[in-house]
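Computed from heavy atoms alone, side chains included, the values below leave out hydrogens, waters and symmetry copies.
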Amino acid sequence: MSRPRQDPDLVRPYVRTGGRTRPSKDVRLESLVFAATGTRPGLNPDARHVLALFASSQGGGLAVADIASALALPPSATRILVADLIDHGLMTLAQGHDDRPPVSLLERVLNGLRANA
């Protein structure tokens, strides 16, 4: 049995994403993203919350699954929000030489998902 959502404003995921169901970029749950410097006026609250997570990460990257877990957002909506921030130049997607993420990252993602299950 799942626990009740802790989203106090009860905004549906399709409202958060403007009705979109797919991200504009190939952003996977295991994708590692970094926040770029700067900001942009007019960001929605979800985008500001995503960027605020990086203030405490001390310049490190975060997996998209970690962002979804920290903000208690559905993974599909988080992928779209992250893709939007990349499109606006406020985040960058880590580029690796291998399509497979490191095992340590996958373990962190799995632990985050288990902690919120």
Using the test side chain to side chain donor-acceptor pair (under 3.5 Å), find all partners of H49 that sit at least two apart in sequence or belong to another chain.
-> none
Measuring from L81:CG to M91:CE, what's the distance to the nearest 0.5 Å?
-> 10.0 Å
For A63 against L32, the heavy-atom pair lying closest together | N-CD1, 3.8 Å
What one should report as the nearest heavy-atom pair of F54 and A35 is CG-CB, 3.5 Å
Run through L62, I67, L93 and flag the one making a side chain to side chain contact (heavy atoms under 4.5 Å, CB included) with S31.
-> L93
State which residues pass side-chain contact (heavy atoms from CB on, under 4.5 Å) with L106; sequence neighbours excluded, sorted by chain then number.
-> E30, P101
Begin from the C-alpha positions of L29 and L113 and carry the test side chain to side chain contact (heavy atoms under 4.5 Å, CB included) through to its verdict.
-> CA-CA 11 Å; L29 288 177; L113 291 171; 5.7 Å; no
Give every residue pair that meets the salt bridge (charged side-chain N to carboxylate O under 4.0 Å, His left out) criterion with at least one member in residues 83-94, sequence neighbours excluded.
-> R20-D84, K25-D87
Applying side-chain contact (heavy atoms from CB on, under 4.5 Å) to A68 and not counting sequence neighbours gives T78
What closest approach, in Å, do A94 and F34 show between heavy atoms, and which atom pair accounts for it?
-> CB-CE1, 3.7 Å
Tell me whether I80 is reachable from L90 by hopping between hydrophobic residues (I, L, V, M, F, W, Y) whose side-chain heavy atoms are closer than 4.5 Å.
-> no
What pairs meet the side chain to side chain donor-acceptor pair (under 3.5 Å) rule with one or both residues in residues 104-113, with sequence neighbours excluded?
-> D66-R108
Any residue meeting side chain to side chain donor-acceptor pair (under 3.5 Å) with T92, in chain and number order, not counting sequence neighbours | none
For N44, which residues count as a side chain to side chain donor-acceptor pair (under 3.5 Å) partner, sequence neighbours excluded?
-> none
Is there a donor-acceptor contact under 3.5 Å from the side chain of R79 to the main chain of V64?
-> no
Is there side-chain contact between L53 and L71, with heavy atoms separated by less than 4.5 Å?
-> yes
